[in-house]
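Below you'll find the structure, written out as structure tokens, and then a few comments.
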Amino acid sequence: MQASFSGRSAPAAARGRSGSRSATVYVDCKQYDASVRVKGSVKRVFKYAADFEHLPEWYPGVNSVTRMRGEGINLKNTYTVERTIMKMKHESQYELIDVAPGRKVVYSAQSPVHTAVHQLYFMEDPTDRNYTNIRYIKKIQLRSIAGPLQPLVSGALSKIPEEGLSNLAKLLISPDTPLSKIQLDPDDEAEEIRASKPASGWSWQSMWDGLGLGGASSGTSVISARSSRVVDTLGYYAILGLDIRRVAKYSSDDIKAAYRARAMEMHPDKVSMDDSAAQQSATLKFQRLQKAYNVLRNPEHKRMYDSGNLVEELVQ
């Protein structure tokens, strides 16, 4: 894990009621930047780490988190966070101000002693899809704290981003990883299965070739392990409500009938226009349904999909 820290502080003068100059105080403005590689797919890690209700499990000094408004990981969610720093307890108010699902979440925070912006960025590890790279940027400004306490508070805060990510990495690699309890949407589950699938399938032929034994004789039947069973890599059969075990029995008419039935159930018009989030979710799911139908109704595309050779969403 690597972390870098940078910051600046600006002095200010505090005055008593009489207007006379008293002890010098500081409003300290700093930015802390840390990064870590953790075990887990990017969607699961995001859904866990971006939800501030899980903070007490890995973030240093957090005693409890109470959700005050909203649900899931959505804009305008607010939380009350109780923390202990340097044996002193204080309460902060957090609000989710920016989110890009699976990629970024930004929270603002304020308390009697500070204001801050927390930015978490998530990226699938390019060398292994079962790991996620996280970058944590924290910008903080301390409110007028007496001079003698300033270095102590700043020093304590500077260690938190790196320590927090270190705790998170240890937690996610443990046998009791909380990621096992994270529920993904069916589409995301299907995508995760597809992502974990090797780029090329194993077969008896590839084993013979690898051993230098050449091709099988004309009288020998070579069976591909990849094509011996159908894997619903993109969740197309699931979203149509079709049983993956009966794929060979489904005709084009069966697939069309399944699509029409699901289209009636999932059409966005069935969702209240007043609920923009529900409308957006319904639209995305309906588009997914249409993609599934467009692939499976085409005999050639269906054959490729059933054999595991069609692993990208080629039909828009």
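Side chains are part of it too, since the values below use all heavy atoms of this structure and drop only hydrogens, waters and symmetry mates.
No donor-acceptor pair under 3.5 Å is formed between the side chain of R67 and the backbone N or O of E53. Under the 3.5 Å distance criterion, the side-chain polar atoms of Y32 are left unmatched by any main-chain donor or acceptor of E162. The main-chain N or O of Y131 is never found under 3.5 Å from a side-chain atom of R37 such that the two would form a donor-acceptor pair.
Atoms NZ and CG, from K39 and D125 in turn, are 13.0 Å apart once rounded to the nearest 0.5 Å. Atoms OG1 and CD, from T66 and E82 in turn, are 6.5 Å apart once rounded to the nearest 0.5 Å. To the nearest 0.5 Å, atoms NE2 (H90) and CG (N63) are separated by 10.0 Å.
Contact annotation: the side chain of Q119 approaches that of K139 to within less than 4.5 Å [non-hydrogen atoms, C-beta and beyond]. Within the 4.5 Å cutoff, side-chain heavy atoms of R83 are placed close to those of I160. Within the 4.5 Å cutoff, no side-chain heavy atoms of R297 are placed close to those of Y259. Looking at Y236 and R288, their side chains come closer than 4.5 Å, going by heavy atoms from C-beta outward. The closest side-chain heavy-atom distance from S92 to H114 is below 4.5 Å. Contact annotation: the side chain of L168 never approaches that of V36 to less than 4.5 Å [non-hydrogen atoms, C-beta and beyond]. Inter-residue side-chain proximity for F46 and K104 is flagged as unmet; no heavy-atom pair is nearer than 4.5 Å. Residues I182 and K43 fail the side-chain proximity criterion, which asks for heavy atoms closer than 4.5 Å.
No more than 12 heavy atoms of other residues, nucleotides or ligands sit less than 6.0 Å from atom CZ of R103. With a 6.0 Å radius and a threshold of 12 heavy atoms from other residues, nucleotides or ligands, Q110 has its CD atom at or below the threshold. Within a 6.0 Å radius of CD in E71, no more than 12 heavy atoms belonging to other residues, nucleotides or ligands are found.
Applying the under-4.5 Å side-chain rule to Ile, Leu, Val, Met, Phe, Trp and Tyr, the cluster around V117 extends to I97, V106.
By the ring pair (Phe, Tyr, Trp, His ring centres under 6.0 Å) test, Y94 is found to be paired with F52, H118, residues two or more places apart in sequence or in another chain being considered. Annotation: ring pair (Phe, Tyr, Trp, His ring centres under 6.0 Å) contacts of Y59 (sequence neighbours excluded): none.
Under 4.0 Å is where a charged nitrogen must lie from a carboxylate oxygen, and between D243 and K249 no such pair does.
There is no side-chain donor-acceptor pair under 3.5 Å between Q93 and S111. Side chains of Y237 and D306: a donor-acceptor N/O pair is present below 3.5 angstrom, by distance only.
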